[in-house]
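The structure appears below as structure tokens.
If you read the sequence from its start, that first residue is 1, and numbering goes on from there.
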Amino acid sequence: MKSSYVKGVLYIFTSCAFADVNIASKKPTKISSIYDPKVNEEGDILCCNSTYAVDGDKTSWKGEDLFCAHTRKDDTQQPWWAVDLLNVYDINVIDIYGRTDGNEYQLTNFDVKVFMPACTCNSWNNLDEGDVFHCHFQATKSQRITLTCPNTTRGRFVRIKRRDTEILTICEVEVYGDPVNNLIESGLSITAHACGYVGYGYVGPAIGTSVANSDIIHCTLICFTNTACNAAEYDKKTNVCTLKGDCTGGTQSSLFQDNDTNVFFYSIDNSIVDNP
């Protein structure tokens with residue numbers, strides 16, 4: 001597939017009205033591995049799924065059940081947990097809750113990073129290929145830690161990853177920040193990227209259409225203003241831009257060859273500068 005990359009300057013407005021809302025609550029999560037009590041302890045208890053870290057319950061134990069994300073011991077990889085915020089945010093504060101039963105060492109020696117993927121369709125895959133913001137390194141064991149990310153931190157994914165191969169256990173993660181989803185001219189500007197496939201269409205669900213002035217800039221800007229839009233499909237014959245929803249299974253496997261069509265997946269740069 002032929003891939004093209006373009007850049008344009010957009011103007012953004014971010015509202016602080018959402019700063020006190022936990023934007024990680026109930027969002028999609030992934031974990032490097034899942035500890036299985038049935039295998040390791042021969043016990044049939046609820047435990048360990050990645051979703052327990054965003055279920056809104058900071059309590060680790062309820063009876064014999066452990067409602068925390070919990071990796072298994074694996075000497076071949078550094079354990080990690082991540083959440084997809086499903087939108088781009090300026091990240092301000094992250095609260096992380098660990099165990100309080102004497103196993104606080106399972107939340108130690110870890111980095112907290114925020115990722116802006118190079119293409120929004122690369123959900124979970126190759127996060128390091130986009131912009132990476134390092135928020136914090138925690139060397140000591142923790143029951144709870146509240147950290148403030150640098151002012152320039154912006155992204156869609158938050159990942160907590162140990163620097164060693166010991167167990168990682170996280171009982172709750174709360175993320176606070178401001179959404180970046182409005183193109184209202186203000187005193188700030190940001191660079192947008194559109195990574196696309198020339199001569200291909202996309203079978204994702206259509207969420208709207210409009211006439212675009214150009215395939216690269218205008219069609220992508222229209223997509224950027226709609227938080228449900230993941231891709232912009234441009235018809236070169238009709239100049240119609242069709243906004244498409246999220247990719248099937250988080251991949252670009254739903255592309256098909258069409259010489260009259262270009263499809264673009266947008267993302268934005270981390271650099272904020274004064275508007276001239």
Are Ile96 and Tyr89 linked, directly or through other ILVMFWY residues, by side chains that come within less than 4.5 angstrom of each other? yes
Taking side chain as C-beta onward, heavy atoms only, is Tyr52 less than 4.5 Å from Leu46? yes
Thinking salt bridges, do Lys113 and Asp111 make one under a 4.0 Å N-O criterion? no
Any donor-acceptor pair under 3.5 Å linking the side-chain atoms of Tyr234 with those of Asn239? yes
Side-chain heavy atoms nearer than 4.5 Å, only ILVMFWY residues, links allowed to pass through others: does that put Val114 and Ile31 together? yes
So, the side chain of Thr153 versus the backbone of Pro150: is there a donor-acceptor pair under 3.5 Å, distance only? yes
Verify side-chain contact (heavy atoms from CB on, under 4.5 Å) between Gln106 and Glu166, making sure each step is shown before the conclusion. CA-CA 7 Å; Gln106 294 178 358; Glu166 298 299 320; over 6 Å; no
Rounded to the nearest 0.5 Å, what's the gap from CH2 on Trp61 to CZ on Phe67? Could you check? 10.5 Å
Check this for me: Glu64, atom CD, are more than 12 non-hydrogen atoms of other residues, nucleotides or ligands nearer than 6.0 Å? no
Run the salt bridge (Lys or Arg N to Asp or Glu O under 4.0 Å) check on Asp90 and Arg154 step by step: do they pass? CA-CA 4 Å; Asp90 287 320; Arg154 171 172 290 169; 2.6 Å; yes
Evaluate the criterion side-chain contact (heavy atoms from CB on, under 4.5 Å) for residue pair Thr169 and Asn103; output intermediate values, then yes/no. CA-CA 9 Å; Thr169 301; Asn103 290 285; over 6 Å; no
Can Val175 be reached from Leu147 by stepping across I, L, V, M, F, W or Y side chains whose heavy atoms are under 4.5 Å apart? yes
Does any donor atom in the side chain of Asn49 or Thr51 lie under 3.5 Å from an acceptor atom in the other side chain? no
Thr100 and Glu104: side chain donor to acceptor below 3.5 Å: no
Quick check against the 3.5 Å criterion: does Ser142 have a side-chain atom that pairs as donor or acceptor with the backbone of Thr140? yes
Does Ile34 share a hydrophobic cluster with Val54, counting links as ILVMFWY side-chain heavy atoms below 4.5 Å and allowing steps through other members? yes
Hey, is the main chain of Gly199 close enough, under 3.5 Å, to the side chain of Asn262 for a donor-acceptor pair? yes
Please name the pair of heavy atoms, one in Ala24 and one in Leu85, separated by the smallest distance, quoted to 0.1 Å. CA-CD2, 3.9 Å
I'd like to check His70 versus Ile167 (side-chain heavy atoms, cut-off strictly below 4.5 Å). Are they in contact? yes
With a 3.5 Å distance limit and no angle check, can you tell me whether Glu172 reaches the backbone of Tyr97 through a side-chain donor-acceptor pair? no
Can you measure from CD1 (Ile91) to CE (Met116) and round to the nearest 0.5 angstrom? 9.0 Å
Looking at Phe137, I'd like to know if the NZ or CZ of Arg163 sits under 6.0 Å from its six-membered ring centre while staying within 45 degrees of the ring's axis. yes
Distance-minimising heavy-atom pair for Lys27 and Asp84: CB-O, 3.2 Å
Minimal non-hydrogen separation, Asn92 against Gly177, with atom names: ND2-CA, 3.5 Å
Using the salt bridge (Lys or Arg N to Asp or Glu O under 4.0 Å) rule, take Lys26 and Asp55 through it: C-alpha gap first, then chi angles, then the decisive distance, then the call. CA-CA 6 Å; Lys26 314 297 184 183; Asp55 63 1; 6.0 Å; no
Please assess Cys68 against Cys48 for the test disulfide bond (SG atoms under 2.5 Å apart), listing each intermediate value before the final yes or no. CA-CA 5 Å; Cys68 301; Cys48 309; over 6 Å; no
To the nearest 0.5 Å, what is the distance between OG (Ser33) and CH2 (Trp80)? 9.5 Å
Looking only at heavy atoms, which two atoms of Thr261 and Lys236 are closest? And how far apart? N-CE, 3.7 Å
Determine, step by step, whether Tyr176 and Val21 satisfy the side-chain contact (heavy atoms from CB on, under 4.5 Å) criterion, reporting the C-alpha distance in whole Å, the side-chain angles of both residues, the deciding distance to 0.1 Å, and the verdict. CA-CA 6 Å; Tyr176 298 91; Val21 175; 5.7 Å; no
Looking only at atom types and distance, does a side-chain atom of Asp235 sit under 3.5 Å from a main-chain N or O of Thr238, one as donor and one as acceptor? yes
Is the backbone N or O of Thr209 less than 3.5 Å from a side-chain atom of Thr242, with the two atoms forming a donor-acceptor pair by type? no
As a quick check of understanding, evaluate side-chain contact (heavy atoms from CB on, under 4.5 Å) for Asp95 and Arg144, giving each step before the final call. CA-CA 7 Å; Asp95 282 332; Arg144 176 187 177 181; 3.4 Å; yes
Could you check if a side-chain atom of Pro79 sits within less than 4.5 angstrom of a side-chain atom of Arg162, using non-hydrogen atoms only? yes
To the nearest 0.5 Å, what is the distance between CG on Asp75 and OG1 on Thr165? 4.5 Å
Intermediate values then yes/no, salt bridge (Lys or Arg N to Asp or Glu O under 4.0 Å), Arg99 and Asp101: CA-CA 6 Å; Arg99 296 176 68 161; Asp101 57 0; 2.8 Å; yes
What pair of heavy atoms forms the shortest contact from Ser32 to Thr71, and how long is it? OG-CG2, 3.8 Å
Is there a side-chain contact between Ile145 and Phe110 (heavy atoms, below 4.5 Å)? yes
Could you tell me whether a side-chain N or O of Thr108 sits under 3.5 Å from a main-chain N or O of Lys141, the two making a donor and an acceptor? yes
Test item: Phe115 and Arg159 side chains (from C-beta on) under 4.5 Å apart, heavy atoms: yes
State plainly whether one hydrophobic cluster holds both Phe133 and Trp81, where clusters connect Ile, Leu, Val, Met, Phe, Trp and Tyr through side-chain heavy atoms under 4.5 angstrom apart. yes
Answer yes or no: is there a side-chain heavy-atom contact under 4.5 Å between Ile170 and Ile160? yes
What are the two closest non-hydrogen atoms of Ile94 and Cys135, and how far apart are they? CD1-SG, 4.5 Å
